[in-house]
Visitor: 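Handing you this structure, nothing more for now.
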Amino acid sequence: MYNVKSPRAEEFISDEEIKESLEFAEKNKSNAALIDEILNKARKMKGVSHREALVLLDCDIPEKNEEIYQLARDIKNEFYGNRIVMFAPLYLSNYCINGCEYCPYHAKNKHIRRVKLSQEDIKKEVIALQDMGHKRLALECGEDPVHNPIEYVLESIHTIYGIHHKNGDIRRVNVNIAATTEEEYRMLKDAGIGTYILFQETYDKVQYEKLHPTGPKHDYAWHTQAMDRAMLGGGIDDVGLGVLFGLNNYRYDFTGIIMHAEHLEAYTGVGPHTISVPRVRPADDIDPDVFDNGLSDDLFAKIVACIRIAVPYTGMIVSTRESVASRKRVLELGISQISGGSKTSVGGYAEPEPEEENSAQFDVIDNRTLDEVVRWLMELDYVPSFCTACYRAGRTGDRFMELLKSKQIVNCCHPNALMTLKEYLMDYASEDTKKIGEALIQKELNVITNPNVKEQCAKYLGEIENGKRDFRF
């Protein structure tokens, strides 16, 4: 029985409902009248249902697909403008007791070098990230109660927030760790995390259990209900969803992640802060013939566009798993956050990891430095943002969503983006990047519609020029 407000995973992610939706969409993929009806609803920018979104994804009418892409661009621009938030992953440990068949961290892998960062190692890594210009990190580690207990994660967060190097500060730490208890979620909340991120990998329960044959992650309900525990029991305001496209039937998982977003909004009152859309990539000890990425770039782009239409308010994240060309394409269709200069090994920022000592989770495709990514974004007329103001001002959860849905983000997030970009240009950018960035900031000041905010932002930019830091609206 499908019930969006149920606390039970198998009811809010109903296999029966998904399969009925798959059948419905297949039958209606050429139904121009229905597709027009869904698009007209979507143009109100309040989202569409999982079943309606799947009809758009399956649509095989070329001119309607162009309308879908254009609507995704319009919604992205309306809610997020041309700002792109920058972050980097920091892998703490690759010790793991799970048996996930697609991940090189799986417990039976004897090839991979097992590594766990000490607090002193973390300090070196964070200083290296600060010297690049990063202000926002996503912590990653395998599930291992001996090597990676919650106390280790909490100590690491405390260490990271305590490092102040030159003008560098990590101002927001997001955390991607295994599903856990309400008590441990409260500990993470008290430690000051930003977003709690947990990828579902696949919403198909049968496939999920096959792909996770051993370890705590085998428990589908425990994993799928984690966000409810984090938000309602742990008090965490912002959570991030994700599936690993290529593991399972993409149509099933596309439907499932939108159903999960619908459930969070109906059951907790706040939808997902972010949705990530990683694709399977080659990795150590993983059979490339079994997990070959499976999705074309065209299909991947359409998935991004349809998620943006279905869940217009959510931030969308794409990582360095994607090529430069793929990242460029999906930026305009819905992506609002990207990583830059990333390492997926445990360590590697302070000193490059020797090639023969691989500890990486997956192959990075976009190997550019952060400065190169920032310059590339600006050449494409995007504003790279290092802003963490909403998190630090307490505008999280429903308060952030209210700001976003009121479409006043242009008078809050846009000036904050410009000021943090100015900090980056002053402290870290190459001369070529700085030249492009200064011109972009002057142009983008005119986007701010509130004259008082625009005037104050210009004043703050001048003070940043004179050495002051960390202004925010």
Side-chain angles (χ1 to χ4, degrees), residues 38-39 41-50 52-59 64-87 195 197 199 240-245 250-251 253-262 265 271-279 295-340 366 373 377 380-385 400-401 404-405 407 409-410 413-414 417:
I38 296 170
L39 286 171
K41 176 182 176 181
R43 289 187 179 99
K44 297 176 183 177
M45 300 191 183
K46 297 184 183 299
V48 298
S49 72
H50 59 271
E52 292 166 332
L54 186 59
V55 172
L56 297 183
L57 183 64
D58 282 359
C59 172
K64 296 302 173 189
N65 282 330
E66 286 307 311
E67 290 185 45
I68 289 168
Y69 287 126
Q70 188 55 52
L71 180 55
R73 295 183 190 102
D74 293 344
I75 292 173
K76 160 71 189 305
N77 187 62
E78 186 73 20
F79 282 91
Y80 286 95
N82 61 344
R83 293 173 304 285
I84 303 294
V85 172
M86 310 302 301
F87 76 96
T195 304
I197 302 163
F199 292 177
L241 305 179
V243 290
L244 188 51
F245 284 104
Y250 73 89
R251 297 171 70 237
D253 287 331
F254 170 87
T255 311
I257 201 166
I258 295 172
M259 289 174 75
H260 202 166
E262 291 169 338
E265 188 144 28
H273 189 72
T274 58
I275 291 178
S276 297
V277 287
R279 284 192 279 180
L295 304 183
S296 69
D297 286 351
D298 286 346
L299 180 54
F300 180 66
K302 195 172 185 189
I303 286 171
V304 170
C306 291
I307 292 175
R308 172 52 66 209
I309 289 169
V311 197
Y313 58 80
T314 195
M316 290 188 69
I317 300 175
V318 71
S319 75
T320 49
R321 290 173 184 262
E322 295 299 323
S323 68
V324 175
S326 177
R327 300 221 298 175
K328 178 182 178 182
R329 185 175 182 184
V330 296
L331 279 172
E332 67 173 5
L333 297 175
I335 296 301
S336 59
Q337 295 188 26
I338 67 170
S339 50
D366 185 349
V373 173
L377 286 171
L380 295 174
D381 212 29
Y382 292 105
V383 177
S385 174
F400 175 76
M401 291 300 174
L404 189 65
K405 292 177 182 180
K407 300 177 183 175
I409 206 165
V410 69
C413 295
H414 199 69

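If you read the sequence from its start, that first residue is 1, and numbering goes on from there. Everything numeric here is computed off the predicted structure, so don't read it as measured data.
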Visitor: Looking at every heavy atom in both Tyr250 and Leu295, which two are closest together, and how far apart are they?
Guide: CB-CD2, 3.7 Å
Visitor: Restricting to non-hydrogen atoms, name the atom on Gly271 and the atom on Met401 that form the minimum distance, rounded to 0.1 Å.
Guide: O-CE, 3.9 Å
Visitor: Is any side-chain heavy atom of Leu299 closer than 4.5 Å to one of Phe245?
Guide: no
Visitor: Does Tyr80 use its side chain to pair, donor to acceptor, with the backbone of Tyr313 at less than 3.5 Å?
Guide: yes
Visitor: Is the shortest side-chain N to carboxylate O distance from Arg279 to Asp297 below 4.0 Å?
Guide: yes
Visitor: Rounded to the nearest 0.5 Å, what separation is found between the CG atom of Asn82 and the OG atom of Ser336?
Guide: 12.5 Å
Visitor: Would Glu322 and Arg327 satisfy salt bridge (charged side-chain N to carboxylate O under 4.0 Å, His left out), going step by step from the backbone distance to the final call?
Guide: CA-CA 6 Å; Glu322 295 299 323; Arg327 300 221 298 175; over 6 Å; no
Visitor: Is there side-chain contact between Val330 and Met316, with heavy atoms separated by less than 4.5 Å?
Guide: no
Visitor: Rounded to the nearest 0.5 Å, what's the gap from OG on Ser339 to CD1 on Ile317? Could you check?
Guide: 9.0 Å
Visitor: At their closest point, which heavy atom of Ile75 faces which heavy atom of Pro312, and how far apart are they?
Guide: CG2-CB, 3.5 Å
Visitor: Minimum heavy-atom separation for Gly340 and Val373, please, with both atom names.
Guide: CA-CG2, 4.4 Å
Visitor: Could you state the interatomic distance from CD1 (Ile197) to CD1 (Ile275), rounded to the nearest 0.5 Å?
Guide: 12.5 Å
Visitor: Quick check against the 3.5 Å criterion: does Glu262 have a side-chain atom that pairs as donor or acceptor with the backbone of His50?
Guide: yes
Visitor: Does Ser276 use its side chain to pair, donor to acceptor, with the backbone of Pro278 at less than 3.5 Å?
Guide: no
Visitor: Hey, are the side chains of Ile258 and Leu54 touching, using non-hydrogen atoms and a 4.5 Å cut-off?
Guide: no
Visitor: Considering only heavy atoms from C-beta outward, does the side chain of Leu244 approach that of Phe199 to under 4.5 Å?
Guide: no
Visitor: Looking at Arg329 and Ala301, what are the two nearest heavy atoms and their distance?
Guide: NE-CB, 3.6 Å
Visitor: Does the side chain of Met86 reach to within under 4.5 Å of the side chain of Ile338, using non-hydrogen atoms?
Guide: yes
Visitor: So, for Thr314 and Pro272, which heavy atoms are closest and what is the spacing to 0.1 Å?
Guide: OG1-O, 3.0 Å
Visitor: Tell me which one of Leu56, Leu57, Val304 satisfies side chain to side chain contact (heavy atoms under 4.5 Å, CB included) with Ile309.
Guide: Leu56
Visitor: So, the side chain of Lys76 versus the backbone of Leu333: is there a donor-acceptor pair under 3.5 Å, distance only?
Guide: no
Visitor: Looking at Lys302 and Ile68, would you say the former's side chain and the latter's main chain have a donor-acceptor pair under 3.5 Å?
Guide: no
Visitor: Kindly compute the distance separating NZ (Lys328) from OH (Tyr382), expressed to the nearest 0.5 Å.
Guide: 9.0 Å
Visitor: What's the separation between atom CZ in Phe87 and atom OG1 in Thr195, rounded to the nearest 0.5 Å?
Guide: 10.5 Å
Visitor: May I ask you to say whether Asp74 pairs ionically with Arg308, meaning some side-chain N is under 4.0 Å from a carboxylate O?
Guide: no
Visitor: What is the distance from atom OG of Ser326 to atom CZ of Phe300, rounded to the nearest 0.5 Å?
Guide: 5.0 Å
